[in-house]
2 protein chains.
Amino acid sequence: MEKHSLKTIAKKLGISVATVSKALNDYNDISAVTKQRVKDLAQELNFIPDSVAKSLRAKQSKIIGFIAPDLMHHFYFNVLSGVLKVAQEKGYFVVVASSEDVMDNEIRHLRSFENKRVDGILLALSDNTLEYSHVNRVVQNEIPLVLYDKVSKTVKCSKVVINDRKAAQLATQHLIDLGCKKIAEVRGYFNALTAIDRFIGYKNALRENGMTYNRKIVFDGNGPSINDGMQVADRIFEQKNEIDGVICHNDLLAIGIIIRLNELGVKIPEEIAILGFSDSPYTKISQPSLTTVKQNGHEIGLKACEILIEEIEAKVNKKSFKTKTIEIPIELIIRKSTHKPIN
Amino acid sequence: MEKHSLKTIAKKLGISVATVSKALNDYNDISAVTKQRVKDLAQELNFIPDSVAKSLRAKQSKIIGFIAPDLMHHFYFNVLSGVLKVAQEKGYFVVVASSEDVMDNEIRHLRSFENKRVDGILLALSDNTLEYSHVNRVVQNEIPLVLYDKVSKTVKCSKVVINDRKAAQLATQHLIDLGCKKIAEVRGYFNALTAIDRFIGYKNALRENGMTYNRKIVFDGNGPSINDGMQVADRIFEQKNEIDGVICHNDLLAIGIIIRLNELGVKIPEEIAILGFSDSPYTKISQPSLTTVKQNGHEIGLKACEILIEEIEAKVNKKSFKTKTIEIPIELIIRKSTHKPIN
DNA sequence: TTGTACGCGTTATCAT
DNA sequence: ATGATAACGCGTACAA
């Protein structure tokens, strides 16, 4: 099967390329007869216009670049599903890349997106990105950009975020309401962009309830995995008497803690209540099932992609566009790992 | 920041566009001085060649289309990660789409890939695809195509597959070796392309060990989820005395069964041993942890993408390419759900 | 109503 | 060593 172009059709019909183009695009200065002849032949030849050529002319690739720090993480999958939904509706393609939480990868992907002439970029910063010149470069080059989830205030672009401070405060308050008096906090990556806000939320909740902050029961995990959680659990176990609740920045970490504390014979939630972040599907399988702060990834993806396309279309139509920041509400999902009777 | 092209540079330097192009591409008929001047200015202007124009000229988009039936499924994520790895190394972009196991979506995505002029397509058929004309169309249009995982023999293209028959046989043999005498089988979707082969493998193992096949303990789940598994568990419980082992076509299904049997007080693996398919991360969290047939998704992605790019480059160089089918080995990962002493 | 001519940004060919 | 020109496939201002 050969490839056809406007030229093929024009030749076969003995008319000009321009006429064919106009006919196919339903210009109203083309006779109905010609239109029909052209369309019939196009149909018959199974003609599909070359979108590369279109892109070159229109200076629009109809491609969106999507970067997540870790595609294996269920949350980012949810984000992607939201992005795909909107992109598809609006006729955009999504090119997917993962930074693996490595800044160099992030830089490389951004560069290749630039020279692929993507129309816009969706990015969640890697936890190991500590400097933003490569991101600012994108903004300077006037490529529409929306940061989601992992965000930096220093970058002037639209953002779709979770209010991590509020989320952590809500979570901590939940444990306090259950009667926990000695609440520990466990982070994943030390530098995680979300870590500080969650920490503040945690401390706010303590203060508002007249509880004192104890730095000895704030732990840094080596990473966000189950194994990291199991290691932290050993440290928690050493201070077992100083802890009756744990706010954990990540579901897997929390599940690792649960698994290890189970092994050590600590009763959850009776002796120690555990709470995670994300609402990953693992939460239901864990025994006991894990209470968690649900971050609606799908919703984040939807919104981020909507805003991005808005900005892209504004740019095409040379309209002005003002950057916006949207906050996606979180939700506390209570399961058995915090289901203890109020004492 | 304005966009620059070869023309901009040529003008600023008072030389021709052709020379600039050659200089940047290190042609050896350009003087070292000129090359340097051009490269310096390009650097300074932050010039990035327009890959859309390149594509138009080279008739190559450097884009690969990827379709999975269900991106939420961990297995396909693994496949995607393998695909991304190879694609990135070879300088290809990957556009991602999900058919959600709906044939119409599959058709739509294939069509839009065609007119996006992707260089090649990776596809796993949806479980609800029962007719393949849309796939054959792709082959007829001479767009390189590799089917992976969910495959149809009637489509003439390269394939990367798991030997499901062998896998199921291996799994069943494992239970037999443990002393199971009454092994049940549980499927997910009724029509799943993999279901028949697994069923045959299951029966082969029984026959080779002189065991009789009992159709009453072959169950069809309504779907592949934990909840579906829990429902099946109730049916298994009713025939508790007729069953001492379960081969399950899907990890989540298996975990659902485990959760429900735990609730019903059935001892796993002592009374009933359970075995799943996929090696999803859930297997480790399940209590007891789940023995499973590992399908190396990452490896499938790597191979599929390699073959696809091979075919693409062969086509570009007008070399012939012969379609091939590769089988990715499976591996039995033994965990506690089948860890019973041999009796 | 239709056709001519040009430009989008590259690169390959052929002159100079 | 460098440059002029054509071509990839499309859309559109302008001329006919």
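Labels below follow one simple rule: chain letters A, B, ... track the order of the sequence lines, proteins then strands, and each chain is numbered from 1. Note: hydrogens, waters and symmetry copies are ignored here, and every other heavy atom, side chains too, is used.
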State the [atom1]-[atom2] distance between [X] and [Y], to the nearest 0.5 angstrom.
| X | Y | atom1 | atom2 | answer |
| --- | --- | --- | --- | --- |
| A:Q36 | A:I30 | CD | CD1 | 13.5 Å |
| B:S55 | B:R117 | OG | CZ | 12.0 Å |
| A:E114 | B:N46 | CD | CG | 7.5 Å |

Spacing of [X] atom [atom1] relative to [N] atom [atom2], expressed in whole Å:
| X | N | atom1 | atom2 | value |
| --- | --- | --- | --- | --- |
| A:I48 | D:dG9 | CD1 | P | 14 Å |
| B:R57 | D:dT5 | CZ | P | 16 Å |
| A:L56 | D:dG11 | CG | P | 12 Å |
| A:N28 | D:dG11 | CG | P | 16 Å |
| B:Y27 | D:dG3 | OH | C1' | 15 Å |
| B:L13 | D:dG3 | CG | C1' | 14 Å |
| B:D50 | D:dC8 | CG | P | 18 Å |
| A:L6 | C:dG3 | CG | C1' | 14 Å |

Task: Under 3.5 Å donor-acceptor, B:S51 side chain and A:N115 backbone - done: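 The answer is yes, because a donor-acceptor pair under 3.5 Å joins these two groups.
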Open item on the list: Determine whether a donor-acceptor pair (N or O, by modelled atom type, separation under 3.5 Å) exists between the side chain of B:D70 and the backbone of B:E100.
Closed with: no
Open item on the list: From C-beta outward on B:A53, which listed nucleotide comes closest to its side chain: D:dG3, D:dC8, C:dT10?
Closed with: C:dT10
Task: Closest nucleotide among D:dG9, D:dC10, C:dG9 to the B:K59 side chain - done: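 From the listed options, D:dG9 comes nearest.
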Open item on the list: With a cut-off of less than 4.0 Å, is there a side-chain N or O of B:K7 near OP1 or OP2 of C:dC8?
Closed with: yes
Task: Positions of residues 17-26 of chain A (non-hydrogen atom under 4.0 Å from DNA chain C), listed by number - done: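 Correct list: A:A18, A:T19, A:K22.
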Under 4.0 Å between a side-chain nitrogen and a carboxylate oxygen: does that hold for [X] and [Y]?
| X | Y | result |
| --- | --- | --- |
| A:K319 | A:E313 | no |
| B:E306 | B:K303 | yes |
| B:K116 | A:D50 | no |
| B:K324 | B:E310 | yes |

- [ ] For the pair B:F66 and B:Y148, name the ring-plane relationship: parallel under 30°, tilted 30 to 60°, perpendicular over 60°.
- [x]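 Geometry flag for B:Y148 against B:F66: parallel rings.
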TODO: Identify whether any heavy atom of B:D29 sits under 4.0 Å from a base atom; if not, whether one sits that close to sugar-phosphate; answer base, sugar-phosphate or nothing.
DONE: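 Contact class for B:D29: base.
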Task: Sole residue of A:L308, A:V135, A:L122 in side-chain contact (heavy atoms from CB on, under 4.5 Å) with A:L145 - done: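 Of all the options given, the one that passes is A:V135.
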Open item on the list: To the nearest 10°, give me the bend of the helix from C:dT1-D:dA16 to C:dT16-D:dA1, comparing the axes of its five terminal pairs at either end.
Closed with: 50°
Task: Near-strand residues of residues 30-43 of chain B, defined as heavy-atom separation under 4.0 angstrom from DNA chain D - done: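 Residues of residues 30-43 of chain B under 4.0 Å from DNA chain D: B:I30, B:S31, B:T34.
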Open item on the list: Looking only at side-chain N and O atoms, does B:D119 offer a donor or acceptor that is under 3.5 Å from a partner on B:S61?
Closed with: yes
